[in-house]
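Sequential numbering from 1 along the given sequence is applied to the chain's residues. Only heavy atoms go into these numbers, but all of them, side chains included; no hydrogens, no water, no symmetry mates.
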Amino acid sequence: IMDNVSIITVFTLSGLSGIANYKITVFIFTLLCYCVIWLVNLTIIVTVIVDKKLHEPMYIFLCNLCFNGLYGTAAFYPKFLYDLLSTTHVISYAGCLLQGFVVHSSVSADFSLLALMAYDRYVAICRPLVYHSLMTKQRVCILIFFAWIIAFYLLFMSTITTATSRLCGSHIPRIYCINWLISNLACSASVATIIIPAFNYTFYFGHALFIFWSYVHLIKTCQSSKENWNKFMQTCVPHLFSLAVVVVSFLFDMLYMRFGSKEIPQSFENFMAMEILLIPPIINPLMYGFKLTQIRNRVLNFMCGKRSALRLKS
């Protein structure tokens, strides 16, 4: 029996049902946040690309982290802003799968890039003599390629298994689509829809363990030397902070999705859904921009240069 399988071409997103009275306020705030995300991430990306002195592994990884922030948020903000101005909150079947794929692969790439940054700091501080022979430009490019391609491949497999499921519902209780909520609409759970996400979670949990291990080594190494400790405070503190922000945001969202109470207000539910696409993309570039002296100086020099040029013109 082919019941509802061929009928479901659109999904209903119910996350916006409770905010009819202050839609415009939320729209202005969301648009402002999205503009800030573009501004801070693009500033870091352009600074790293334009300044050849910043063509070092740490800054190249950071550039990718900021690009990933723009990639992930692009799947959510334009659609969410459109929904805030619309009376119907629906998304096509293909659009829902694509949105889920981009959001998931962006979070996965975040973990991969943060793991590469941890490895880079581990080699730079714990094995400084072999740093330049280990972290060549070619090797950095290969590591970045695999960080992205593995995230894309794993999430593509997850999305394919979700897409092949027979669905018996079209209601998604959230402001955007994710694979887990689409899978919940399946008429029956398949082995693939359980095994593949479980493998993905385990794989990226391994990344978090690797990062933790590398920082334990870093702290041990840095305690013996004041110079190394200064280097650690300068380059590793923003990384640790970024990692904490991503992990806490991800865990909050995942645990809330699975164990959240039905009595929680809709506005709080929406914030819980948004924070993984709001806090890391703003905090990461700001944290690195303020803490890493070279990037901060380049941005300030550029801004001061612009001001003095404007003064000369006037």
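Within 6.0 Å of CE on M157 lie no more than 12 heavy atoms contributed by other residues, nucleotides or ligands. At most 12 non-hydrogen atoms from other residues, nucleotides or ligands lie less than 6.0 angstrom from CZ of F67. Within 6.0 Å of the OH atom in Y153, the count of heavy atoms belonging to other residues, nucleotides or ligands does not exceed 12. For CH2 of W38, the number of neighbouring non-hydrogen atoms (other residues, nucleotides, ligands) closer than 6.0 Å is 12 at most. Atom CZ of F152 has more than 12 heavy atoms from other residues, nucleotides or ligands within 6.0 Å.
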- Item | N284 vs V246, side-chain contact (heavy atoms from CB on, under 4.5 Å): CA-CA, chis, key distance, verdict | CA-CA 9 Å; N284 286 350; V246 171; 4.3 Å; yes
- L278 vs F271, side-chain contact (heavy atoms from CB on, under 4.5 Å): CA-CA, chis, key distance, verdict: CA-CA 9 Å; L278 173 69; F271 176 74; 4.3 Å; yes
- Check against side-chain contact (heavy atoms from CB on, under 4.5 Å), V10 and Y93: CA-CA 5 Å; V10 292; Y93 181 75; over 6 Å; no
- Message: D83 vs F27, test: side-chain contact (heavy atoms from CB on, under 4.5 Å). Steps then yes/no.
- Response: CA-CA 9 Å; D83 283 347; F27 178 86; over 6 Å; no
- Run the ring-ring contact (aromatic ring centres under 6.0 Å, His included) check on H207 and Y204 step by step: do they pass? CA-CA 5 Å; H207 282 53; Y204 286 104; 4.8 Å; yes
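Checked by atom type, the side-chain pair S105/Y71 shows a donor-acceptor distance below 3.5 Å.
Side chain of T136 to main chain of H132: no donor-acceptor pair is present (N/O by atom type, distance under 3.5 Å, no hydrogens or angles). Side chain of D51 to main chain of T47: no donor-acceptor pair is present (N/O by atom type, distance under 3.5 Å, no hydrogens or angles). Judged by distance alone, the side chain of N68 and the main-chain N or O of A109 form no donor-acceptor pair under 3.5 Å. In this structure a side-chain-to-backbone donor-acceptor pair under 3.5 Å is missing from N270 to I175. Using modelled atom types, one side-chain atom of T73 and one backbone atom of G69 make a donor-acceptor pair closer than 3.5 Å. T30 contributes a side-chain N or O that, together with a main-chain N or O of V26, makes up a donor-acceptor pair within less than 3.5 Å. The main-chain N or O of V90 is never found under 3.5 Å from a side-chain atom of T88 such that the two would form a donor-acceptor pair.
In terms of hydrophobic clustering, with Ile, Leu, Val, Met, Phe, Trp and Tyr side chains grouped at heavy-atom distances under 4.5 Å, I142 and V123 are assigned to a common cluster. Cluster membership for L251 and F203, using ILVMFWY side-chain heavy atoms within less than 4.5 angstrom, is shared. Criterion: ILVMFWY side-chain heavy atoms under 4.5 Å apart, direct or through other members. Under it, L32 and I279 are not part of a common hydrophobic cluster. Cluster membership for L84 and F29, using ILVMFWY side-chain heavy atoms within less than 4.5 angstrom, is not shared. A single hydrophobic cluster is seen to contain both M117 and I49, as judged by linkage of ILVMFWY side chains at heavy-atom distances under 4.5 Å, directly or through other members.
Here the side chains of I144 and V140 are in contact, with some heavy-atom distance below 4.5 Å. In this structure, the side chains of Y119 and I211 stay at 4.5 Å or more apart for every pair of heavy atoms. Counting only heavy atoms from C-beta outward, the side chains of F199 and I194 never approach each other to under 4.5 Å. L13 places none of its side-chain heavy atoms less than 4.5 Å from the side chain of R174. With a 4.5 Å cut-off on side-chain heavy atoms, L97 and F101 do not count as touching. Residues N179 and P197 are not in side-chain contact: their nearest non-hydrogen atoms beyond the backbone lie 4.5 Å or more apart. Contact annotation: the side chain of Y215 never approaches that of K220 to less than 4.5 Å [non-hydrogen atoms, C-beta and beyond]. The shortest distance between side-chain heavy atoms of L218 and R121 falls below 4.5 Å.
The aromatic rings of H217 and Y122 sit perpendicular to each other, their planes meeting at more than 60°, with 30° as the lower class boundary. In this pair, Y176 and F76 present their aromatic rings perpendicular. The plane angle is above 60°, beyond the 30 to 60° band.
Under the 6.0 Å distance and 45° angle rule, R127 does not count as a cation-pi partner of Y131.
The shortest heavy-atom contact between L185 and H171 is CD2-O, 3.5 Å. Of all the heavy atoms in P128 and C126, the pair that sits closest is CD-C, 3.4 Å. The nearest pair of heavy atoms linking D120 to M135 is OD1-CE, 3.7 Å. In this structure, H89 and K23 approach most closely via the heavy-atom pair NE2-NZ, 3.4 Å. The two residues P78 and A74 have their closest heavy-atom pair at CD-O, 3.3 Å. V48 approaches C63 most closely through the heavy-atom pair CG1-CB, 4.0 Å.
Rounded to the nearest 0.5 Å, atoms CG (L65) and CG (L114) are 5.5 Å apart. Here the CG atom belonging to L129 is positioned 11.0 Å from the CG atom belonging to L134, to the nearest 0.5 angstrom. The distance from atom SG of C33 to atom CD1 of I28, rounded to the nearest 0.5 Å, is 12.0 Å. Expressed to the nearest 0.5 Å, how far CG of L39 lies from CG of L42 amounts to 8.0 Å. Taken from CG in L167 to OG1 in T162, the straight-line distance is 9.0 Å, to the nearest 0.5 Å. Going from atom OG of S112 over to atom CD1 of I150 covers 6.5 Å, rounded to the nearest 0.5 Å.
For F111 and F250, the gap between ring centers is short of 6.0 Å.
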